[in-house]
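Notes for the one structure printed next.
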Amino acid sequence: MPEGHTIHRAARLQNKRFKGKVLRSESPQGRFDSGSSQIDGQELRKIYANGKHLFYEFDSGDFVHVHLGLFGKFRTLSLPTDDPVSENCRWLLTSDTDRLHLAGPTVCEVIDSDQVDAIRRRLGPDPLVKRHREDPVEKMAKRLSRRTIPIGAAILDQKVLAGLGNVYRAEILYLIGLDPFTPSNQVSIQDLSALWSESVRLLTLGERAGRIVTTEPADVGKQRARDLGRYERLYCYKRHGEQCRRCGDTIRTADIDGRNIWWCPTEQT
DNA sequence: GCTGCATGATGAA
DNA sequence: TCATCCTGCAGCA
C-alpha cells in the first residue's frame, strides 16, 4: 500500500528498530547480491524518507535506495522467530534483535550521497517533510504554471508533489472540490494552497494510522478510523456508480494518463 | 487453477 | 501510447 505515508511510516518504525545498529545484510533471492554484501556488517546510521523513496545511510557513506513501486512490501519481525525467510526476499537486514524483510520493490540499489541528492532535488515538495527551503505552494505553482495537463495528472507527477498516489489524488481533489480535469495552469493559487494543506493533513493522519483515512467523523458517524470498512474510509476512490456521501450525485470514473480516477461532478467544479 | 488487476515508474517507439 | 518490471489476491471457472 505504498503512497508517501507508508514510506515515512516505514522509515520511522524501522529507525526505532535498526538505527545505530551493526547489521547483517543479505539477498536470499539473489537479485541484490552484490549490493547487499557491500554493506554487510556495517552500522546503519539512519533511514530517510523523501516522497516515495527511502534511503538507508550506512557508516561507509553508502546508501541503499529503496522504492516499493506498486507491489513492494516490508515485514519486520522480532527475533528469535520460527518464521522462515520467504524465497522472494530481495533484501534481508538482521540485527541481534530484529529482522527486516523486503520483497517486490521496484528499486533496491546501493548509491552514493551525490545520487541521493540528485533524486531529492528532482522531487517536488513532500507534505510529510516539515522544513522547506522554498515555499511549497509557490514551488508547485512554478512547476505547474506552463502546463495544461489536467491537475489530476499533474499531482501524480512526483516532480510536482512528492508522495501522493492514486488514492490520495482522488480523495484530496474531492475534499478541496476541484474537478480533476481542470488544466493545471488554470488552478488558482488558493486551490493550490488548499491542495497542499489537505495533503499535509491527510498524509500526516495516514502516517500515524498506517492506513489511508479521508472521511470526516461527521460523514461516517462516531466509529473510530480503524473500525471502518475499506470504503467507509474514503469518499470516492473506487466508488464508481455509488452516491456521493455529501450530495447524493453519482460518483464518476475516468482514465487519466492510464490511471483511474473517481470524482463527484457536483462537489468538484 | 487461471486471469486480470492494483495505492508505481520507466524506457522505447 | 505501449510494454515492461516487481507480487498478491479477488473473482471466476
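Letters A, B, ... are given to chains in the order of the sequence lines, protein chains preceding strands, and every chain is numbered from 1. Small disclaimer: the values here were computed from a predicted structure and weren't measured.
- Whole-Å rounding puts the A:Glu109 CD to C:dC5 C1' distance at 14 Å.
- Residue A:Tyr235 holds its OH atom at 14.0 Å from CD of A:Glu242, rounded to the nearest 0.5 Å.
- Considering OG1 of A:Thr94 and CZ of A:Arg24, their distance stands at 7.0 Å, rounded to 0.5 Å.
- Counted by atom type alone, A:Asp126 and A:His8 present one or more donor-acceptor pairs between their side chains at under 3.5 Å.
- With distances taken from any side-chain atom of A:Lys73 to the nucleotides C:dG8, C:dC5, B:dT7, the minimum falls on C:dG8.
- Rounded to a whole Å, the CD1 atom of A:Ile149 is 13 Å from the P atom of C:dT1.
- Summarising the geometry, the separation between CG on A:Asp255 and P on B:dC5 is reported as 12 Å, rounded to the nearest angstrom.
- The C1' atoms of B:dT7 and C:dC2 are separated by 22 Å, rounded to the nearest whole Å.
- Taking atom C1' on both nucleotides, C:dC6 is separated from B:dG1 by 22 Å, rounded to a whole Å.
- For the residue pair A:His65 / A:Glu109, a side-chain donor-acceptor distance below 3.5 Å is found, with atom types taken as modelled.
- Under the stacking definition used here (centres under 5.5 Å, planes under 30°), the residue A:Phe71 fails to qualify as stacked on the base of C:dC6.
- A straight line from CZ of A:Arg90 to P of C:dT7 spans 6 Å, rounded to a whole angstrom.
- Contact between the side-chain N/O atoms of A:Arg75 and the OP1/OP2 oxygens of C:dG8 is found at a separation under 4.0 Å.
- Across B:dT10 and C:dG8, the matching P atoms stand 23 Å from one another, rounded to whole Å.
- Between the P atom of C:dC6 and the CG atom of A:Leu102 lies a distance of 14 Å, rounded to the nearest Å.
- An OP1 or OP2 oxygen of B:dT7 is reached within less than 4.0 angstrom by no side-chain nitrogen or oxygen of A:Arg211.
- A:Arg120 and A:Tyr48 share no side-chain donor-acceptor pair at under 3.5 Å.
- Using a 3.5 Å distance cut-off with no hydrogens or angles, the side chains of A:Glu26 and A:Ser36 do not pair a donor with an acceptor.
- In this structure, CG of A:Asp257 is placed 16 Å from P of C:dA3, rounded to the nearest angstrom.
- One atom, CG of A:Leu70, and another, C1' of B:dA6, lie 5 Å apart when rounded to the nearest Å.
- At least one side-chain nitrogen or oxygen of A:Tyr237 sits closer than 4.0 Å to the OP1 or OP2 atom of B:dT7.
- A:Arg121 places no side-chain N or O within donor-acceptor distance of the main-chain N or O of A:Val116, the cut-off being under 3.5 Å.
- No engagement by A:Arg169 is indicated, since no non-hydrogen atom pair under 4.0 Å with the nucleic acid exists.
- Residue A:Asn260 has a polar side-chain atom (N or O) positioned under 4.0 Å from OP1 or OP2 of B:dA6.
- Nucleic acid contact for A:Glu171: none, since no nucleic acid atom lies under 4.0 Å from a heavy atom of the residue.
- A 3.5 Å limit on both hydrogen-bonding distances identifies no Watson-Crick or G-U partner for B:dT7.
- Residue A:Thr214 forms a side chain to side chain donor-acceptor pair (under 3.5 Å) with just one option from A:Glu198, A:Arg233, A:Glu171, and that option is A:Glu171.
- Atom P of nucleotide C:dC9 and atom CG of A:Asn88 are separated by 11 Å, given to the nearest angstrom.
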Report each atom pair, protein N/O against N/O of nucleotides 9-13 of chain B, whose distance is under 3.5 angstrom.
| residue | atom | partner | partner atom | Å |
| --- | --- | --- | --- | --- |
| B:dA9 | OP1 | A:His67 | NE2 | 3.1 |
| B:dA9 | OP2 | A:Lys52 | NZ | 3.1 |

